[in-house]
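A short write-up of the structure that comes next.
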Amino acid sequence: MQASFSGRSAPPAARGRSGSRSATVYVVCKQYDASVRVKGSVKRVFKYAADFEHLPEWYPSVNSVTRTRGEGINLKNTYKVERTIMKMKHESQYELIDVAPGRKVVYSAQSPVHTAVHQLYFMEDPTDRNYTNIRYIKKIQLRSIAGPLQPLVSGALSKIPEEGLSNLAKLLISPDTPLSKIQLDPDDEAEEIRASKPASGWSWQSMWDGLGLGGASSGTSVISARSSPVVDTLGYYAILGLDVRRVAKYSSDDIKAAYRARAMEMHPDKVSMDDSAAQQSATLKFQRLQKAYNVLRNPEHKRMYDSGNLVEELVQ
C-alpha cells in the first residue's frame with residue numbers, strides 16, 4: 001500500500017540574541033490516506049470503530065485509552081491515549097471535534113512532540129449491506145529538536161494507518177468479532193437481519209467477488225490505496241439507481257435521466273405531511289440524491305469521484 005505524503009522542509013537554524021547558532025527545530029508535516037472494506041453493517045461498524053475507547057484492540061502502538069470527558073460518540077469527548085512508538089512511550093490528548101452519526105468522525109490529537117487530525121469515513125458497501133467501506137485520513141505534524149530521529153519516526157508512523165485498518169478488518173471477520181457486542185436500536189437490528197438474508201441463491205458478496213473486488217477466499221478484506229480506482233465510494237451511483245459496474249460509461253445525459261427518474265420517486269412531497277419522521281427521512285434521502293447528482297453531472301468532479309479522490313466533505 002502507498003501513503004500520500006506532503007512534507008515541509010526543515011527551517012534553517014535560528015540564531016540566538018548573542019549571535020550564536022541555536023538548536024535546530026525540525027517541523028515535519030505528513031498525510032496518510034488508506035481505505036478498507038470490512039465485514040459488518042455500517043451502523044454497527046461505526047459504533048465500534050468511531051469510539052476511540054476501542055483503539056487498543058486494533059490500532060498499532062496504543063497501550064491504553066482513558067475517556068476523560070463525555071460519553072458515547074459525541075462532540076467534545078476527550079481521551080487520554082498512551083502509546084509506545086519505537087520503544088518510546090508518550091501520552092496524547094484526543095478530542096472529538098466533528099461527528100456525523102453513521103458516516104464520519106474527526107478527532108484532534110496533541111502531545112509535546114506532535115499534533116494530528118484523524119478522520120474516519122464510513123459508507124455502506126453499495127454491493128452488500130453486510131459490509132462497510134472505511135476511509136482513514138491522518139494528518140500529522142511532528143515538532144522536535146531531535147532532528148536525526150525525524151526520518152525514523154516518520155517511517156514508523158507511515159506504516160500505522162495501513163496496519164491499523166488491516167488489524168481492524170481481521171478483527172471484524174474473526175469468530176469472536178466485537179461487533180456481536182454492539183447494541184443497536186430495535187429498528188436497526190431488524191433491518192440488519194433482513195439485509196443478511198439474500199432473496200435467492202446468490203448474494204451481493206458473490207457478485208462483488210465475481211467482479212474481482214471482494215476479499216480473498218480466506219475472508220481477508222482488501223486494503224486499497226488512494227491511487228487505486230474506487231467504485232462508488234460514497235454510494236452516489238447507487239442512489240441514482242445506476243449500475244456501479246458501468247461507472248466509466250455513463251454520460252451527462254445518462255446521469256441527468258437517472259436523476260429525474262429518481263427525483264420523481266423520492267421527492268418528499270410523496271410522503272404524508274402527518275408523518276414527521278417519514279418526512280424527515282425522505283428529505284434527507286432527497287438531499288443525498290441531489291448531492292450525488294451535483295457531483296456526477298460535473299465531468300471533472302465525476303472523474304475525481306470515480307478515481308476515489310473526492311470525499312463528501314469537499315462537495316459544496
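Values below: all heavy atoms of this structure, side chains included; hydrogens, waters and symmetry mates excluded. Just so we're clear, the structure is a prediction, and the values are computed from it rather than from any experiment.
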Ignoring hydrogens, what is the shortest heavy-atom contact between [X] and [Y]? Give both atom names and the distance.
X: G164; Y: W58; value: O-CE3, 3.3 Å
X: Y259; Y: L240; value: CA-CD2, 3.7 Å
X: S174; Y: D176; value: OG-OD1, 3.0 Å
X: N77; Y: G70; value: OD1-CA, 3.2 Å
X: E53; Y: V65; value: CA-CG1, 4.0 Å
X: V42; Y: E124; value: CG2-N, 3.8 Å

Any non-hydrogen side-chain atom of [X] less than 4.5 Å from a side-chain atom of [Y]?
X: V45; Y: L179; answer: yes
X: I255; Y: Y293; answer: yes
X: I160; Y: Y136; answer: no
X: R260; Y: M264; answer: no
X: F52; Y: L120; answer: yes
X: K89; Y: E82; answer: no
X: N298; Y: S252; answer: no
X: R288; Y: Y236; answer: yes

Subject >> Members besides V106 in its Ile/Leu/Val/Met/Phe/Trp/Tyr cluster (side-chain heavy atoms under 4.5 Å) >> reply: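 V106 shares its hydrophobic cluster with I97, V117.
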Working to the nearest 0.5 Å, report the span between [atom1] of [X] and [atom2] of [Y].
X: N63; Y: L55; atom1: CG; atom2: CG; value: 11.5 Å
X: Q110; Y: Q141; atom1: CD; atom2: CD; value: 12.0 Å
X: S61; Y: H90; atom1: OG; atom2: NE2; value: 6.5 Å
X: I134; Y: S35; atom1: CD1; atom2: OG; value: 10.0 Å
X: K39; Y: R44; atom1: NZ; atom2: CZ; value: 12.5 Å
X: I140; Y: H114; atom1: CD1; atom2: NE2; value: 4.5 Å

**OP:** Give the cluster check for I239 versus L284: same hydrophobic cluster or not, with ILVMFWY residues linked at side-chain heavy-atom distances below 4.5 Å.
**Re:**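 Looking at the clustering, L284 is in a separate group from I239.
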Subject >> Steps toward side-chain contact (heavy atoms from CB on, under 4.5 Å) verdict (T132, L172) >> reply: CA-CA 11 Å; T132 298; L172 299 188; over 6 Å; no
Looking at [X] and [Y], would you say the former's side chain and the latter's main chain have a donor-acceptor pair under 3.5 Å?
X: T68; Y: T78; value: yes
X: S92; Y: S111; value: no
X: R37; Y: D125; value: no
X: Y48; Y: K181; value: no

Original post:
Heavy-atom count around E57 CD within 6.0 Å, excluding the residue itself: above 12?
Top reply: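 Yes - once you tally the heavy atoms of other residues, nucleotides and ligands closer than 6.0 Å, there are more than 12.
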Original post:
Does CD in E71 sit with more than 12 non-hydrogen atoms of other residues, nucleotides or ligands closer than 6.0 Å?
Top reply: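 Count not over threshold, so no.
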Original post:
Hey, which of N133, L165, N167 is the one that makes side chain to side chain contact (heavy atoms under 4.5 Å, CB included) with V36?
Top reply: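 Output: one option passes, namely L165.
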**OP:** Could you please spell out the steps behind the salt bridge (Lys or Arg N to Asp or Glu O under 4.0 Å) verdict for R67 and D51?
**Re:** CA-CA 10 Å; R67 186 189 295 266; D51 187 345; 3.4 Å; yes
**OP:** Quick one: sort the H118 and Y59 rings into parallel, tilted or perpendicular, breaks at 30° and 60°.
**Re:**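 Correct class here is perpendicular.
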Original post:
Stepwise, does the side-chain contact (heavy atoms from CB on, under 4.5 Å) test hold for L296 with Y250?
Top reply: CA-CA 9 Å; L296 298 181; Y250 290 120; over 6 Å; no
Subject >> Candidate pair K302 and D306, rule salt bridge (Lys or Arg N to Asp or Glu O under 4.0 Å), full reasoning >> reply: CA-CA 6 Å; K302 180 179 183 297; D306 291 348; 2.9 Å; yes
Subject >> With sequence neighbours excluded, residues passing side-chain contact (heavy atoms from CB on, under 4.5 Å) with K139 >> reply: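 Testing K139 for side-chain contact (heavy atoms from CB on, under 4.5 Å), a comparison that skips the adjacent residues, returns Q31, Q119, I137.
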